[in-house]
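To start, the structure itself, in structure tokens.
A note on names: the letters A, B, ... follow the listed sequences, proteins ahead of strands, and every chain is numbered from 1. Atom set for the values below is all heavy atoms of this structure, side chains included, hydrogens, waters and symmetry mates excluded.
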Amino acid sequence: MDEKFLKPYDPTATEGRIYAAWEKSGLFNPDECVKQGATPADAPTYSIVLPPPNVTGRLHMGHALMLAVEDSFVRYKRMRGFRTLWLPGTDHAAIATQSVVEKQVKKEEGKSRHDLGREELLKRIEAFAAQSHDTIVNQLKTMGASLDWSREAFTLDEKRSRAVRTVFKRMYDAGLIYRGMRIVNWDPKGQTTISDDEIVYEERAAKLYTFRYSKDFPIPVATTRPETKVGDVGVAVHPDDARYKEFVGKEYDAVFCDVPIHIKVVADKEVDPAFGTGAVGLTPAHSKIDWEIADRHELSHESVVINEYAKMTVSGRLNGKKTAEARGIVVDWLKSEGLFEKEEDTVQSVATAERTGGVIEPLPKLQWWVEVDKEVPGRGKTLKELMLEPVRSGAIKIIPEHIEKTYYHWIENLRDWCISRQIWYGHRIPVWYRGEEIAVGEAPTGDGWAQDEDTLDTWFSSGLWTFSTLGWPEDTEDFHTYHPTDLLETGPDIIFFWVARMILMTEFTLGTIPFKTVYIHGLVRDAQGRKMSKSLGNNMDPLDVKARFGADAARMALIVGNTPGTDMRISEDKIKGYSRFANKLWNIARFVLEHSDTPMIRDMQELERYGISQLVKEVTDDIENYRAYLAAEKVYHYIWHTFADKILEESKKDETIQSDLYSILLVCLKLLHPFMPFVTEEIWQSMPAKDARFLMVSRWPQPE
RNA sequence: GCACCCUUAGCUCAGUUGGUAGAGCAACCCCUUUACACGGGGAAGGUCGGGGGUUCGAGUCCCUCAGGGUGCACCA
């Protein structure tokens with residue numbers, strides 16, 4: 001018996017060494033598994049692409065959970081003899097990364113991005129991303145992730161960029177990408193447009209003011225944003241509202257807070273007669289709904305009164321004032337003019353930018369959009385329908401199932417997707433202009449072409465991830481072998497951002513699904529059930545956990561009792577419990593090896609009396625049905641309370657049992673390996689008789 | 001407003017197609033027994049949120065109420 005067993009199990013002394021040995025073996029690469037005879041060349045494939053962590057990030061518990069779950073499935077499938085590919089990569093995370101670097105530059109040099117210029121800022125960002133990349137990659141490895149690093153991808157590298165340009169052009173040619181002047185969600189803090197999904201609504205107390213535009217204006221109007229009223233072009237009332245019927249169609253002139261305005265009264269069914277005064281002041285340039293109502297009544301969109309810095313752009317006393325300040329000025333003016341009727345307290349949900357926290361200012365802007373309600377040529381269906389169909393038909397299965405309903409609900413409410421961003425880091429829009437001419441896809445030759453200044457929403461490139469990582473649009477063997485992928489495992493917060501976009505992009509581009517199963521894990525919360533966040537200071541650092549208890553213990557704690565789609569709580573006690581379990585297994589191995597001078601490998605029938613075949617059957621069945629949380633617990637329970645507490649104890653009295661212990665241990669190591677890869681592999685390395693050099697590629701016990 | 005989820009032992013949660021409840025942790029008692037005190041043995045603990053229904057039988061299916069949470073939409 002190896003002397004190492006005389007001391008308690010020490011994960012910190014073991015895990016790094018084991019991971020290095022795995023990496024050196026090359027067995028994370030399915031081609032290498034075939035070459036070394038660990039996997040049959042004609043074996044079926046199993047593939048997962050890693051949801052790419054942001055290059056700016058540090059490993060957090062969410063990552064650790066993702067890795068624990070995915071690695072469990074991957075290791076299980078590999079042991080079952082599949083040609084198993086788990087493909088790693090990182091995400092450039094455009095807005096997030098640029099804003100980190102911008103802040104840094106501002107702090108250290110006092111310069112803005114415009115002081116640096118596009119080229120210089122990009123240089124800084126790329127340097128930062130490269131260094132940050134190495135950090136996160138090394139952290140992924142510490143959790144034991146059996147990712148094939150030889151295939152690593154980056155959302156912004158040349159191969160992925162080519163995929164982006166290719167898909168953009170195809171969508172443009174299909175008439176699904178268009179450039180249009182529309183109201184966008186403008187983030188004055190981040191100085192960019194964002195999509196509807198990047199908005200977070202915050203409940204805030206606000207005032208609802210009731211006023212008239214002028215003394216002779218017949219209808220009182222209620223608003224929470226009086227400062228925007230200098231941009232009003234109309235007032236909308238409900239067609240059936242008897243109070244205002246006589247004024248519909250009439251037009252009025254007024255000078256509102258120094259600004260001349262022209263108001264037409266229109267009737268529109270969108271207006272709720274019970275809210276406020278039942279009359280809406282229409283500000284088409286600064287409200288999505290008003291824009292739409294204005295469209296229906298042929299009112300102008302042109303009256304822009306707020307700029308990108310959320311400052312007023314009208315002449316008179318409001319000029320150059322911030323919107324919040326302007327609000328007070330307008331209210332004072334209304335009061336002094338006798339136009340003010342009343343103010344009431346109300347609660348407003350204010351749209352803020354998820355990344356920067358800036359209050360969204362709706363502005364009309366020329367942007368690029370993906371049209372979701374238009375028929376896709378040759379498919380006879382809209383993009384929306386293409387997103388719904390594979391989930392409805394069961395071609396894509398979402399776990400837990402009820403999330404499918406949420407998915408449908410979201411798609412039904414989906415509007416055109418704004419894909420252009422006014423930041424510099426990211427995939428530049430592959431469109432070039434020269435006078436009236438336009439070129440799309442690849443850079444045109446000839447003089448005088450200027451590329452669009454904007455970049456693409458980062459989710460545009462993420463949407464291609466399952467196939468861009470496999471080399472598409474090149475005709476690669478990997479693409480043919482591993483696509484569609486088998487499993488997409490991710491968190492509930494990016495189902496719409498990412499999962500839905502992947503389905504959209506893959507259905508459009510390839511006419512197929514990106515993955516067969518979507519497994520949604522819950523969010524990791526602290527012991528009190530609170531979200532882990534920087535501001536609360538309750539973040540648990542996986543690297544710290546690993547240093548104290550080992551990656552195996554952290555992984556096990558994240559898997560056991562963690563049902564898909566349900567948030568989980570993690571506590572130090574739970575992790576500590578599994579670090580003790582690792583030590584328990586260590587001592588079981590010690591005992592077994594001490595009592596197995598000439599180990600005999602028994603087949604499953606010979607071990608029938610120990611209930612092990614039943615365990616294998618249940619564990620296999622649980623993993624196959626995405627119940628890893630049960631499988632891991634059953635293995636734990638068997639090892640500790642059946643194998644150690646009963647069988648080992650019996651064997652001290654009954655010598656006939658002793659010669660079976662070795663075989664039981666072998667099976668237990670295999671069943672536990674997907675969940676606790678390090679300690680099981682470390683013990684395996686000291687097993688004198690076994691079916692593979694590495695437990696990682698040994699055969700999974702046969703369930704029958 | 002629309003939709004979805006949750007409510008089971010002190011705490012955190014399982015309970016896969018309906019067959020009279022399980023785990024981990026904590027708490028309690030005992031044991032330093034030669035694999036392990038990062039251990040072992042034992043006992044305790046639940047009218048499965050309330051009410052109603054379907055069924056021979058419901059934590060599990062249906063209805064309803066209450067509390068908690070999430071997503072989406074709206075917010076003049």
Side-chain angles (χ1 to χ4, degrees), chain A residues 1 5-10 196-197 199 201 203-204 206 208-210 221-226 228-229 232 235-237 268 270-272 275-283 287-290 293 346-351 400-415 492-493 495-496 522-523 525 527-529 549 553 556-557 560-563 565-595 618 621-622 624-627 629-630 633-634 636-637 640-641 644-645 648-649 651-652 661:
Chain A
M1 187 197 67
F5 289 108
L6 298 179
K7 281 188 277 183
Y9 175 63
D10 179 5
D196 294 343
D197 308 291
I199 288 177
Y201 288 92
E203 298 263 294
R204 291 190 190 171
L208 184 65
Y209 303 94
T210 304
V221 170
T223 184
T224 53
R225 297 200 61 187
T228 64
K229 299 294 105 183
D232 280 13
V235 164
V237 298
D268 195 285
E270 279 287 299
V271 178
D272 175 4
F275 189 93
T277 62
V280 186
L282 296 175
T283 325
S287 153
K288 236 175 249 189
I289 302 254
D290 292 4
I293 295 177
T346 180
V347 178
Q348 206 180 10
S349 50
V350 177
E401 206 173 328
H402 69 80
I403 289 189
E404 291 179 4
K405 290 178 192 164
T406 310
Y407 178 80
Y408 300 141
H409 190 248
W410 177 80
I411 291 185
E412 280 152 21
N413 286 305
L414 187 63
R415 301 203 209 180
D493 44 341
I495 296 172
F496 308 131
L523 296 175
R525 294 169 177 275
Q528 282 86 50
F549 303 110
M556 196 68 175
V560 173
N562 183 8
T563 44
T566 307
D567 290 356
M568 74 162 322
R569 298 183 188 203
I570 189 95
S571 63
E572 210 169 287
D573 278 348
K574 189 173 181 186
I575 301 167
K576 200 201 278 173
Y578 291 110
S579 74
R580 290 185 174 166
F581 174 58
N583 191 58
K584 182 74 182 180
L585 181 66
W586 188 249
N587 283 293
I588 291 170
R590 172 180 170 180
F591 181 89
V592 171
L593 291 173
E594 270 174 352
H595 295 81
E618 284 182 30
D621 194 51
D622 284 337
E624 286 291 339
N625 291 291
Y626 301 101
R627 297 188 298 258
Y629 57 97
L630 278 186
E633 192 180 353
K634 282 176 186 168
Y636 167 91
H637 204 254
W640 200 315
H641 299 296
D645 290 351
L648 241 57
E649 291 304 320
S651 79
K652 291 175 185 171
L661 296 179

Secondary-structure string, 5' to 3', Watson-Crick or G-U under 3.5 Å, | for another-strand partners, for RNA chain B
(((((((..((((........))))..((((.......))))......(((((.......))))))))))))....

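- Looking at every heavy atom in both residues, A/S349 comes nearest to A/Y201 through O-CD2, 3.9 Å.
- Using a 30° and 60° split on the angle between ring planes, A/Y9 and A/W586 fall in the tilted class, from 30° to 60°.
- Rounded to whole Å, the distance from NE2 on A/H409 to P on B/rA73 is 9 Å.
- Across all strands shown, A/L648 has heavy atoms under 4.0 Å from base atoms, whether or not it also approaches the sugar-phosphate.
- Ring geometry for A/F581 versus A/Y578: interplanar angle over 60°, hence perpendicular rather than tilted (30 to 60°).
- The side chain of A/S349 lies closest to B/rC75 when the candidates are B/rC75, B/rG40, B/rC13.
- Residues forming a side-chain contact (heavy atoms from CB on, under 4.5 Å) with A/E624 (at least two apart in sequence, or on another chain): A/Y76, A/K77, A/R80, A/T620.
- Contact record, A/Q348 with A/A206: OE1-CB, 3.4 Å, taken as the closest heavy-atom pair.
- Phosphate contact (OP1/OP2 of B/rU16, side-chain N/O of A/R627, threshold under 4.0 Å): absent.
- In terms of phosphate contacts, A/H402 brings no side-chain nitrogen or oxygen within less than 4.0 Å of OP1 or OP2 of B/rC6.
- A/K584 contributes a side-chain N or O that forms a donor-acceptor pair with the base of B/rC36 under 3.5 Å.
- Ranking B/rG15, B/rC75, B/rC72 by closeness to the A/Y629 side chain, first place goes to B/rG15.
- Nucleotides B/rG18 and B/rG59 place their P atoms 13 Å apart, quoted to the nearest Å.
- Checked against B/rG71, B/rG24, B/rG39, the side chain of A/Y636 finds its nearest nucleotide in B/rG24.
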